[in-house]
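The block underneath contains the structure these notes are about, expressed in structure tokens.
Here the structure is a predicted model, which is why all the values come from computation and not from measurement.
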Amino acid sequence: MRRLIVEADGGSRGNPGPAAYGALVRNADTGEVLREIAEYLGTATNNVAEYRGLIAGLRAAREVDPDAKVEVRMDSRLVVEQVTGRWKVNNPGLRPLVAEAREIYPVPDQVTFTWVPREANREADRLVNQALDEAAAAVAERPATPAQAPAAEVTPAQAPAVVDEAEVEPAPAVGWGRATDSPTTLVLLRHGETALSAQKRFSGSGSDPELSERGRWQAEQVAARLGRRGAVQVIVSSPLRRCLQTAAICQRLLPGVEVEVEPGFREADFGAWDGYTFAEVQQRWPRELKAWLASSAVAPPGGESFAAVSRRVQAARDAVLSRHAGKTVLVVSHVTPIKTLIRLALEAPTKALYRMELDPAGLSVIQWYPDGNASVRVFNDTAHLWPG
């Protein structure tokens with residue numbers, strides 16, 4: 001069996017402050033570096049950045065060889081002891097990250113964890129500082145505008161090798177702009193029915209059906225309800241046709257409200273499964289379906305994993321919150337992105353996606369506060385579709 005080594009790290013210049021992670025995958029027998037990853041996270045704590053590095057490293061190792069034995073080496077004793085279950089996770093903000101890391105490799109004993117001293121983790125630390133330096137340089141080059149507050153000064157990395165999570169406040173997801181007294185309200189609308197959704201067939205970003213006659217009627221009903229409330233200030237839509245059609249119907253009854261397109265809110269790509277029912281997929285791809293249900297890091301054949309969807313949906317959410325802080329935004333999207341937004345707001349594990357049901361033209365509402373906290377106010381409300 002092939003053996004891989006994951007070296008991962010994360011750091012915050014401020015704690016919380018500008019944060020990034022770095023991770024690499026090595027061939028355990030030759031030492032050859034097979035994959036390197038570094039990413040700037042925005043504002044986060046050391047602990048969050050370290051967990052993000054772990055998650056990225058595990059995902060990269062699985063992409064290299066999903067059957068390999070993996071040894072993870074980190075200089076954070078906190079992460080190593082928590083993810084192995086030897087230490088309790090007291091910080092509620094870290095629990096979803098622990099669950100996400102464990103979900104990547106659900107098979108027992110396939111992954112082991114080793115604490116190493118900081119000097120033995122130099123390459124991962126180098127990637128962290130590289131991402132932080134590149135982000136700082138980009139901020140320095142960006143011209144300031146009257147509407148944009150100056151960026152906080154970035155100072156050399158201050159992250160200690162081990163941070164006691166009890167001393168660290170739970171980190172906001174990512175800073176999305178100047179604080180306001182009121183939350184940003186995302187009104188999440190699943191598009192109206194299509195021929196594929198009516199038959200409960202997989203319909204991802206690889207398929208682009210139009211709304212059915214019933215789907216257009218559903219969109220008109222929800223648009224009328226939103227028009228009566230009059231709270232929506234902007235519409236943000238997935239680029240897929242069924243969402244754009246739903247958004248256009250809503251816009252007609254919300255005069256003066258503009259429609260923006262956000263690619264990050266498109267549906268997951270179900271690859272070869274597009275157009276098939278769950279039963280048909282179970283019959284044709286039993287092993288692939290079982291693996292997909294067991295881990296968010298596994299993608300359908302030729303498709304996209306839920307872990308990848310989560311990353312782009314989170315980035316799209318942060319962009320919308322930044323552009324429209326304090327406003328009420330109608331987000332016209334699909335089952336997986338909407339469930340993902342609900343899951344992120346609740347800080348629930350990925351398996352929570354399988355515990356939610358969303359109807360065509362169903363409404364859900366989340367309020368996001370400037371400190372990163374969220375409140376789910378409504379879930380799958382379809383009262384506008386009821387008779388009478």
Charged N to carboxylate O below 4.0 Å: is that the case for [X] and [Y]?
X: Asp29; Y: Arg3; value: yes
X: Arg216; Y: Glu213; value: no
X: Arg126; Y: Asp133; value: no
X: Arg52; Y: Glu39; value: no

Joint hydrophobic cluster, [X] plus [Y], side-chain heavy atoms closer than 4.5 Å:
X: Ile5; Y: Met74; answer: no
X: Ile338; Y: Leu321; answer: yes
X: Val332; Y: Val378; answer: yes
X: Val313; Y: Ile342; answer: yes
X: Val222; Y: Phe265; answer: no

Separation of [Y] [atom2] from [X] [atom1] (nearest 0.5 Å):
X: Asp9; Y: Leu24; atom1: CG; atom2: CG; value: 10.5 Å
X: Arg343; Y: Arg355; atom1: CZ; atom2: CZ; value: 13.5 Å
X: Gln199; Y: Thr194; atom1: CD; atom2: OG1; value: 9.0 Å
X: Ser76; Y: Arg118; atom1: OG; atom2: CZ; value: 10.0 Å
X: Leu132; Y: Leu127; atom1: CG; atom2: CG; value: 11.0 Å
X: Leu4; Y: Asp67; atom1: CG; atom2: CG; value: 10.5 Å

Test side chain to side chain contact (heavy atoms under 4.5 Å, CB included) on Ser203 and Arg242 and set out the steps.
CA-CA 11 Å; Ser203 180; Arg242 51 200 184 270; 3.6 Å; yes
Kindly give the heavy-atom pair with the smallest separation between [X] and [Y], and that separation in Å.
X: Asn90; Y: Arg95; answer: O-NH2, 3.3 Å
X: Glu103; Y: Pro349; answer: OE2-CB, 3.5 Å
X: Lys88; Y: Gln82; answer: O-NE2, 3.6 Å
X: Asp274; Y: Ser207; answer: OD1-OG, 3.2 Å
X: Pro337; Y: His334; answer: CD-O, 3.5 Å
X: Ala219; Y: Thr246; answer: CB-CG2, 4.0 Å

Leu97 and side-chain contact (heavy atoms from CB on, under 4.5 Å): which partner among Val89, Val79, Ile55, Asn91?
Ile55
Please report the C-alpha distance between Leu34 and Asn27 in whole Å, then the side-chain angles of each, then the deciding distance to 0.1 Å, and finally whether the side chain to side chain contact (heavy atoms under 4.5 Å, CB included) criterion is met.
CA-CA 7 Å; Leu34 306 174; Asn27 183 314; 4.3 Å; yes
Could you check whether Trp285 and Trp292 have their ring centres less than 6.0 Å apart?
no
Where the side chain of [X] meets the backbone of [Y], is there a donor-acceptor pair that is under 3.5 Å apart?
X: Ser12; Y: Ala44; result: yes
X: Arg62; Y: Ile104; result: yes
X: Ser322; Y: Asp318; result: no
X: Lys327; Y: Val234; result: no
X: Lys351; Y: Ser296; result: no
X: Gln233; Y: Thr328; result: yes
X: Glu262; Y: Gly264; result: yes
X: Asn121; Y: Ala8; result: yes
X: Ser212; Y: Glu193; result: yes
X: Ser295; Y: Ala297; result: yes

Pair [X]-[Y], side-chain donor/acceptor within less than 3.5 Å:
X: Ser305; Y: Arg59; answer: no
X: Thr185; Y: Gln367; answer: yes
X: Glu267; Y: His191; answer: no

Going by the rule side chain to side chain donor-acceptor pair (under 3.5 Å), which residues pair with Asn380 if we only count those two or more places apart in sequence or in a different chain?
Asp359
Would you say the side chain of [Y] lies within less than 4.5 Å of the side chain of [X], judging by non-hydrogen atoms?
X: Arg102; Y: Val111; value: no
X: Glu210; Y: Gln245; value: yes
X: Gln218; Y: Arg190; value: no
X: Val48; Y: Leu94; value: yes
X: Ser364; Y: Val376; value: no
X: Arg225; Y: Asp381; value: yes
X: Ser310; Y: Leu344; value: yes
X: Trp273; Y: Pro301; value: yes

Consider side-chain hydrogen bond (donor to acceptor under 3.5 Å, both in side chains). Of Arg122, Arg26, Arg73, which one does Glu7 pass it with?
Arg26
For atom [atom1] of [X], decide whether the heavy atoms of other residues, nucleotides or ligands shown that lie under 6.0 angstrom number more than 12.
X: Arg377; atom1: CZ; result: no
X: Glu258; atom1: CD; result: no
X: Gln283; atom1: CD; result: no
X: Arg229; atom1: CZ; result: no

Is there a side chain to side chain contact (heavy atoms under 4.5 Å, CB included) between Leu188 and Ile366? Walk through the geometry before answering.
CA-CA 8 Å; Leu188 310 175; Ile366 306 173; 3.8 Å; yes
Would you call the rings of Phe270 and Phe306 parallel, tilted or perpendicular, taking 30° and 60° as the class edges?
perpendicular
Take Leu358 and Phe379 through the side chain to side chain contact (heavy atoms under 4.5 Å, CB included) test and state the conclusion after the steps.
CA-CA 8 Å; Leu358 283 175; Phe379 178 73; 3.8 Å; yes
